[in-house]
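What follows is a short report on a single structure.
One-based numbering along the sequence shown.
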Amino acid sequence: MIRIQEILDKVSSKNKSANLELIQKAYIFAASAHAGQVRLSGEPYLSHPLAVADTLADMGFDEPTIAAGLLHDTVEDTSVTIDDIAENFGDECADIVDGVTKISRIPFDNKEEAQAENIRKMILAMSHDMRVIMVKLADRLHNMSTLDFQKAYKQKRIAQETMDIYAPLANRLGLYVLMRRLEDLSFKYLRPDVYNLITHWLDDHQVVEKRMIEKVVGMLKEFIHGAGIEGQVYGRIKHKYSIYKKMLAESLTLDEMHDIMAFRVIVREVRECYTVLGLVHQQWKPVHGRFKDYISMPKANGYQSLHTTVIGPDGERIEVQIRTEEMHRQAEHGIAAHWLYKEHGRINSKDLAQFSWLNEIFERQREESDSKEFMHSLKMDLFQDEVYVYTPNGDVKELPEGATPLDFAFHVHTKVGQHCAGAKVNGRLVPLGRPLKNGDTVEIITDQSRNPNRDWLKIVKTARARNRIQHYLRTEERLRAIQLGREMLEKEGRKVSINVARAAKEGQLAIVGQDMSFDSLDDLYAGVGYAHVTPRKVLNRLYAVLHPEDPQAKPKEEALPEPEAEQPKGKLPAGGVAVSGVDGVLMRFAQCCNPVPGDPIVGYISRGAGITVHRADCPNVPNMEPERLISVHWEGEEEVEKPYEAGIFVICRNQSGALAAIAQVLAEAGVNISTLTVKPLVDGRSTMHLVVEVKNATQLYDLIESIRRLSMVVEVVRDDENADSTVAS
């Protein structure tokens, strides 16, 4: 178990005037609070907060942070309160402990929701003081290092959460030392077979690798000292999880892995970095495409360094990183480096310009009420590597790898993204979904009449763009639902002599809305438009409000005089389509597949447009949101006055009488042609798109079979030409 004196020594070595009494007092307080408690390993519980504080001391944090590391579990696991912490150690320390304290006492419906909400709370706490996440990461690191004592299913769950959230977060914060340790520990439990294989392979080759590292370090020192440059050189084997990722990315076996060694040269000035780079490239041949200049173009977390891969001694590929001492501090400790040379006081995320991406996450967690959707967005932000592109003015913009011009448009400004009509990359028009590459110059073409649509969600890769598109769609859908609901109520009201507009103006409709638990008239209209409530039910209630003197007026459907049935020609036949247990819902037939009676069908709740009926085999159905699909069925067997429209696609040979023969088949079947389009092909054939009026699917397929028997017909199928382009929203 780590001793408190070791921690105090580390703190005083970095800051001679440090308030060691605060840390010593926190240690005594934590020891008393956790007295008698033990961990699953059998060790005293105090070993855990000591390990957390030790990690924070290694990273160079201030005394309140290290004290908070010692106290971080006292509120959750003992009778200590936040007020006790504040009284004994000050508000600064108490705020950090409060931010770190787990929320396990709050009930959730399931573990997934609990995890999502836990992360949300952590992100919110970070927005107030960045030191909260540092304590949380140090806490997770020690928990991962003692994971052997947990049950197998808990090991995998905790390791997966660490790999999904904590390790990527450490990476984005520039805490590379912490990230590597978290990744390797997670890897050990998620893929123990591969982890052990790599471990044994490294053990078997450690003598050879050690000799190679010593050889290359010696040569690098010779290069830089010979050029009169003072600097330090280090070499190491890459961590196990990075080796595994490389194996996967390049489909390599362990014996085929060559560039698993990384070397670091640390110099005093930026100009010396480029001098050393020239010396390395002069001595060893660089590998094409493996040079990255993060000095002139830093990463979002402030990381700066030159990276190059070369063919080193004995034909081995080796990676060399070159940086200054200041860059090295930033690279090893990331955000923690800001505490190494600062005056006493809290640092907020807003003070750190290179972590502006965090502020976007903070903003989004306030906007996004759905915890699962927030988790999805967070993972998008954390996992992806970066690409750097330019505006036409030469400004550099950083985006995640795989980002598109549409992502770039929303990154520039929300209004630019919303009205994006096209994009030029390096002066040439490109599709909005084309992935951007490092160094691309991107120009966005806007059109004020252009607005986001659902297809854009399939294009964008950034959480920011996705969030803005979804917000717009939700707003627009609600406006459409409100308008549709108002129109539906007014239309149905006219049938039974109820003036809905007047009732809304005079307040009677608002009374109905409140009675039905709607907060406002717009909410009531939207409820009707979204098919959450039927116009009949609303009008029943309104009828009762308008006729309070009528003893028969009750908020039931029979209170409303029955309107005469109205059937839109060609769309709703006698009987029509029904949803089990629901009446009065607005329905329409999808134009992408044109279902007719007899077709297997499915309903899709189209926000703002009632229910759209699709054929069950419509190509668009698999792309729809499953929770908005509902069961519908054909209802009634009476003959329809005007049949349904359906499409037929015909390929036939260009010969005299072909069109007449097809028309004759239709006439004999008593089927009318609504539209006909004929296009000649270059191979001596023609295509015909026919829209015909049929009573049901049986008649349609009998008709197709009759056309197929004609000698000049090459092929005939039901026409679903629009299936890829028309999807109900």
Side-chain angles (χ1 to χ4, degrees), residues 455 567-577 587-604 606 609 612-624 632 634 636-728:
D455 288 339
Q567 298 187 9
K569 293 182 179 181
K571 286 299 178 185
L572 286 178
V577 175
M587 289 198 187
R588 63 188 176 96
F589 292 131
Q591 296 179 358
C592 56
C593 56
N594 290 320
V596 300
D599 284 332
I601 54 176
V602 64
Y604 185 73
S606 302
T612 304
V613 180
H614 290 260
R615 288 198 344 242
D617 61 352
C618 174
N620 286 321
V621 170
N623 298 321
M624 296 175 183
V632 295
W634 297 105
E637 298 180 352
E638 300 131 355
E639 291 295 318
V640 294
E641 294 180 3
K642 183 175 181 180
Y644 288 76
E645 291 185 342
I648 299 176
F649 176 72
V650 182
I651 301 177
C652 63
R653 299 180 185 90
N654 278 336
Q655 63 184 66
S656 178
L659 181 57
I662 293 173
Q664 181 64 29
V665 170
L666 297 173
E668 291 176 355
V671 173
N672 183 50
I673 302 175
S674 295
T675 61
L676 169 66
T677 304
V678 180
K679 292 183 180 179
L681 303 175
V682 294
D683 60 359
R685 299 183 298 173
S686 294
T687 62
M688 296 184 189
H689 292 273
L690 300 95
V691 177
V692 299
E693 296 175 347
V694 295
K695 297 178 181 179
N696 52 46
T698 301
Q699 185 182 33
L700 174 62
Y701 286 109
D702 285 346
L703 190 63
I704 289 173
E705 192 58 36
S706 297
I707 296 173
R708 183 175 285 116
R709 287 195 289 266
L710 296 174
S711 61
M712 74 287 296
V713 172
V714 178
E715 185 57 271
V716 55
V717 294
R718 189 168 178 175
D719 187 6
D720 290 324
E721 183 186 32
N722 297 323
D724 291 332
S725 59
T726 308
V727 180

Heavy-atom closest pair, residues [X] and [Y]:
| X | Y | value |
| --- | --- | --- |
| A646 | N594 | CA-CB, 4.4 Å |
| T612 | F589 | CG2-C, 4.4 Å |
| C593 | R615 | O-NH1, 2.9 Å |
| N654 | R685 | ND2-O, 3.5 Å |

- [ ] Go through the steps for V650 and V714 under the test side chain to side chain contact (heavy atoms under 4.5 Å, CB included), then give the verdict.
- [x] CA-CA 8 Å; V650 182; V714 178; over 6 Å; no
How long is the span from the [atom1] atom in [X] to the [atom2] atom in [Y], to the nearest 0.5 Å?
| X | Y | atom1 | atom2 | value |
| --- | --- | --- | --- | --- |
| T677 | M688 | OG1 | CE | 11.0 Å |
| I662 | I648 | CD1 | CD1 | 9.5 Å |
| L710 | C652 | CG | SG | 9.5 Å |
| I673 | E645 | CD1 | CD | 12.5 Å |
| R653 | S686 | CZ | OG | 12.0 Å |
| L703 | R708 | CG | CZ | 11.0 Å |

TODO: Go through the steps for V602 and V621 under the test side chain to side chain contact (heavy atoms under 4.5 Å, CB included), then give the verdict.
DONE: CA-CA 9 Å; V602 64; V621 170; 4.0 Å; yes
Open item on the list: If we ignore hydrogens and angles and just use 3.5 Å, is the side chain of Q699 paired with the main-chain N or O of K695 as donor and acceptor?
Closed with: yes
Quick one, [X] and [Y] - any side-chain contact, counting heavy atoms below 4.5 Å?
| X | Y | value |
| --- | --- | --- |
| L666 | V692 | yes |
| L700 | V671 | no |
| C592 | H614 | yes |

Open item on the list: Is the ring pair H689/F649 parallel, tilted or perpendicular, if the boundaries are 30 and 60 degrees?
Closed with: tilted
